Trainee: 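Provided herewith is a single structure, encoded as structure tokens, for subsequent inquiry.
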Amino acid sequence: MASKESYVVVTSPVVNVNVTNSASQLTTLNRFQKDMTIDALKRKLELVTGITFVDMILEVYNAEDVLIFRMEEDNRILGSYPIDSGMRIHVVDKTGRSHVEYDLSKVQKFEISDENYAQRKDTLRAFKEKMKVGQYKEKDETEKLEREKQELEEKTKAESIKIGQRCEVRVSNEMAKRGTIMYVGLTEFKPGYWIGVKYDEPLGKNDGSVQGKRYFECLPKYGAFIRPSQVAVGDFPEIDIEAENLEM
């Protein structure tokens with residue numbers, strides 16, 4: 001029996017070949033070192049094909065899919081055969097066994113709702129959203145442009161409002177409230193432009209100060225800070241609540 005030292009690799013040290021087998025229709029592309037023995041190759045192919053290495057017959061086909069030789073000596077090294085990249089190694093199971101082909105359509109799948117998936121932080125979607133990749137990059141840019149547009153509109157509206165003007169505050173799902181403009185500008189408690197209003201009635205949230213910073217003077221519960229878009233200035237006289245009650 002010839003020893004491993006009897007053969008010398010004289011071509012490329014690696015070979016890229018397709019691997020097929022008689023037990024299934026699976027085809028894989030694999031890279032093997034040419035200085036490995038056929039016995040070692042079979043053991044690697046067992047992991048690929050599921051065929052026990054002692055039951056293997058290795059056939060080699062060229063690019064035209066013609067059988068050119070069989071690798072039958074386990075002690076020989078792969079490179080001692082005239083094998084090259086682009087060829088195909090076909091693994092034949094001497095026992096004639098075939099592997100079970102599973103119908104994946106019948107396998108129960110793990111399913112998760114889109115809402116629950118969106119809440120998870122360990123998903124590809126979460127990673128893309130965090131890194132602003134693909135559609136999330138476009139979404140971020142769109143939101144940024146929309147935010148800049150809104151900020152410009154708020155700034156323009158704020159610049160048209162003057163301290164001392166009468167106003168009416170119109171917040172969605174709330175009754176309209178009237179008062180006097182007491183402050184216009186930026187604040188320390190939140191970004192953007194804000195309008196400080198002293199209401200005619202105690203319908204506010206503060207006395208003109210927020211988080212220890214005073215912006216204007218008024219009685220407690222008469223002061224509020226409103227976004228410019230929710231403030232209308234004009235001829236808004238103070239409403240006489242008692243007179244309205246007498247007319248009812």
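Owing to the predicted nature of the structure, the values given are computational and were not obtained by experimental measurement. Sequential numbering from 1 along the given sequence is applied to the chain's residues.
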Trainee: Can L186 be reached from I163 by stepping across I, L, V, M, F, W or Y side chains whose heavy atoms are under 4.5 Å apart?
Mentor: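 Shared cluster, no.
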Trainee: Should the pair F225 and F216 be assigned to parallel (<30°), tilted (30 to 60°) or perpendicular (>60°) ring geometry?
Mentor: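 Answer is tilted, since the angle falls between 30° and 60°.
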Trainee: Using 0.5 Å steps for rounding, measure from the CD atom of Q33 to the CG atom of L41.
Mentor: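 If we round to the nearest 0.5 Å, Q33:CD and L41:CG are 12.0 Å apart.
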Trainee: Between M182 and L203, is there shared hydrophobic-cluster membership here, with clusters defined by ILVMFWY side-chain heavy atoms closer than 4.5 Å?
Mentor: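 As far as the 4.5 Å side-chain criterion goes, L203 and M182 are not connected within one cluster.
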Trainee: So if you build clusters from Ile, Leu, Val, Met, Phe, Trp, Tyr with side-chain heavy-atom gaps below 4.5 Å, do Y81 and I68 land together?
Mentor: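 Shared cluster, yes.
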Trainee: Between atom CG of N21 and atom CD1 of I89, what is the distance when rounded to the nearest 0.5 Å?
Mentor: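 The CG atom of N21 sits 12.0 Å away from the CD1 atom of I89.
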Trainee: Could you go through F32 and N16, starting from their C-alpha distance and side-chain angles, then the distance that decides it, and tell me whether this counts as side-chain contact (heavy atoms from CB on, under 4.5 Å)?
Mentor: CA-CA 7 Å; F32 300 111; N16 297 300; over 6 Å; no
Trainee: Test side-chain contact (heavy atoms from CB on, under 4.5 Å) on I181 and I195; report intermediate values, then the result.
Mentor: CA-CA 7 Å; I181 305 296; I195 308 300; 3.5 Å; yes
Trainee: Tell me, do R88 and V19 make a side-chain contact under 4.5 Å, heavy atoms counted?
Mentor: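 With C-beta onward as the side chain, the pair stays apart.
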Trainee: For K44, is the NZ atom crowded, meaning more than 12 foreign heavy atoms sit under 6.0 Å from it?
Mentor: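 Atom NZ in K44 is not packed in, count stays at 12 or less.
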Trainee: Looking only at non-hydrogen atoms, find the nearest pair between D235 and P237 and report the distance.
Mentor: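 Heavy atoms only, the tightest pair is O-CD, 3.3 Å.
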Trainee: Would the number of heavy atoms belonging to other residues, nucleotides or ligands and lying under 6.0 Å from CD of E148 be above 12?
Mentor: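 Yes, the 6.0 Å shell around CD holds more than 12 heavy atoms from other groups.
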Trainee: If we ignore hydrogens and angles and just use 3.5 Å, is the side chain of S85 paired with the main-chain N or O of V15 as donor and acceptor?
Mentor: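 Checking the backbone N and O of V15 against the side chain of S85, no donor-acceptor pair under 3.5 Å is found.
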Trainee: What's the separation between atom CD1 in I51 and atom OG in S22, rounded to the nearest 0.5 Å?
Mentor: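 One gets 4.5 Å once the value is rounded to the nearest 0.5 Å.
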Trainee: K177 vs D200, test: salt bridge (charged side-chain N to carboxylate O under 4.0 Å, His left out). Steps then yes/no.
Mentor: CA-CA 8 Å; K177 292 172 280 190; D200 297 335; over 6 Å; no
Trainee: Quick check: do V91 and D93 have side-chain heavy atoms less than 4.5 Å from each other?
Mentor: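 Not touching, per the 4.5 Å side-chain cut-off.
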Trainee: With side chains defined as the heavy atoms from C-beta onward, is the minimum distance between V197 and C167 less than 4.5 Å?
Mentor: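 Result yes, sub-4.5 Å side-chain heavy-atom pair found.
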Trainee: Answer whether the closest heavy-atom distance between the side chains of L29 and V17 falls below 4.5 Å.
Mentor: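 Result no, sub-4.5 Å side-chain heavy-atom pair not found.
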Trainee: Could you measure the distance from the CD atom of E201 to the CZ atom of R178? Nearest 0.5 Å is fine.
Mentor: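 Nearest 0.5 Å value for the CD-CZ distance: 12.0 Å.
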Trainee: Under the 6.0 Å and 45° cation-pi test, does R166 pair with F236?
Mentor: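 No.
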Trainee: Report whether Y61 and F69 are members of the same hydrophobic cluster (ILVMFWY, side-chain heavy atoms less than 4.5 Å apart, transitive linking).
Mentor: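 No, separate clusters.
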Trainee: For A224 versus G204, what's the shortest heavy-atom pair and its separation?
Mentor: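 Heavy-atom minimum between the residues: CB-CA, 4.5 Å.
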Trainee: Could you see if V171 belongs to whatever hydrophobic cluster contains V231? Use Ile, Leu, Val, Met, Phe, Trp, Tyr and a side-chain cutoff under 4.5 Å.
Mentor: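 Yes: a chain of side-chain contacts under 4.5 Å links V171 to V231.
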Trainee: What I want to check is whether the side chains of T180 and Q165 have a donor and an acceptor closer together than 3.5 Å.
Mentor: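 No, no side-chain donor-acceptor pair sits under 3.5 Å.
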Trainee: Should side-chain heavy atoms under 4.5 Å link Ile, Leu, Val, Met, Phe, Trp and Tyr, which residues sit in the same cluster as I57?
Mentor: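 Cluster partners of I57: V92.
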Trainee: Okay, side chain of K198, backbone of Y222: is any donor-acceptor separation there less than 3.5 Å?
Mentor: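 No; zero donor-acceptor contacts below 3.5 Å.
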Trainee: Please name the pair of heavy atoms, one in N62 and one in M87, separated by the smallest distance, quoted to 0.1 Å.
Mentor: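 Reported closest heavy-atom pair: CA-CG, 4.1 Å.
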Trainee: For R214, is there an ion pair with D207 - N to carboxylate O distance below 4.0 angstrom?
Mentor: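 R214 and D207: salt-bridged.
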Trainee: Are the side chains of D39 and F53 in touch, meaning some heavy atoms are under 4.5 Å apart?
Mentor: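 A side-chain contact exists here, since the closest heavy-atom pair is under 4.5 Å.
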Trainee: To the nearest 0.5 angstrom, please state how far the CD atom of Q150 sits from the CZ atom of R227.
Mentor: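 Interatomic distance, Q150 CD to R227 CZ, rounded to 0.5 Å: 7.5 Å.
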Trainee: Applying side-chain contact (heavy atoms from CB on, under 4.5 Å) to M71 and E59, what does each step give before you reach the verdict?
Mentor: CA-CA 6 Å; M71 296 185 288; E59 299 177 341; over 6 Å; no
Trainee: Quick one, E159 with K155, criterion salt bridge (charged side-chain N to carboxylate O under 4.0 Å, His left out). Give me CA distance, side-chain angles, the key distance, then yes/no.
Mentor: CA-CA 6 Å; E159 290 174 344; K155 181 176 182 292; 2.6 Å; yes
Trainee: Which distance, rounded to the nearest 0.5 Å, do you find between the CG of L78 and the CG of L58?
Mentor: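 That separation rounds to 9.5 Å.
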Trainee: Would the distance check show the side chain of K34 and the main-chain N or O of D84 forming a donor-acceptor pair, the cut-off being under 3.5 Å?
Mentor: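 No: the side chain of K34 does not pair with the backbone of D84.
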Trainee: Over all heavy atoms of both residues, which pair between H90 and T20 is shortest? Give the atoms and the distance, please.
Mentor: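 Smallest interatomic distance, heavy atoms only, reads ND1-OG1, 2.8 Å.
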Trainee: Between T52 (side chain only) and V54 (backbone N and O only), is there a donor and an acceptor less than 3.5 Å apart?
Mentor: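 Looks like no, no N/O pair under 3.5 Å.
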Trainee: Would you check if there is a donor-acceptor pair between the side chains of R76 and T37 at a distance under 3.5 Å?
Mentor: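 Side chains of T37 and R76: no pair found under 3.5 Å.
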Trainee: Ignoring hydrogens and geometry, is there a side-chain-to-backbone donor-acceptor pair from S209 to G212 under 3.5 Å?
Mentor: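 Side chain of S209 to backbone of G212: no pair is present.
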Trainee: List the atom of E154, the atom of Y193, and the distance in Å for their closest heavy-atom pair.
Mentor: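 Answer, listing the atom of E154 first, then Y193: O-CB, 4.5 Å.
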Trainee: Ring centres under 6.0 Å, that's the criterion: do Y215 and W194 meet it?
Mentor: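 No, too far apart.
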Trainee: For E168 and R170: C-alpha separation, side-chain torsions, deciding distance, then whether salt bridge (charged side-chain N to carboxylate O under 4.0 Å, His left out) applies.
Mentor: CA-CA 6 Å; E168 187 171 80; R170 301 165 182 172; 2.9 Å; yes
Trainee: Specify the closest pair of heavy atoms between L45 and M56, including all atoms of both residues, with the distance to one decimal.
Mentor: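 Where L45 meets M56 most closely, the heavy atoms are C-CE, 3.6 Å.
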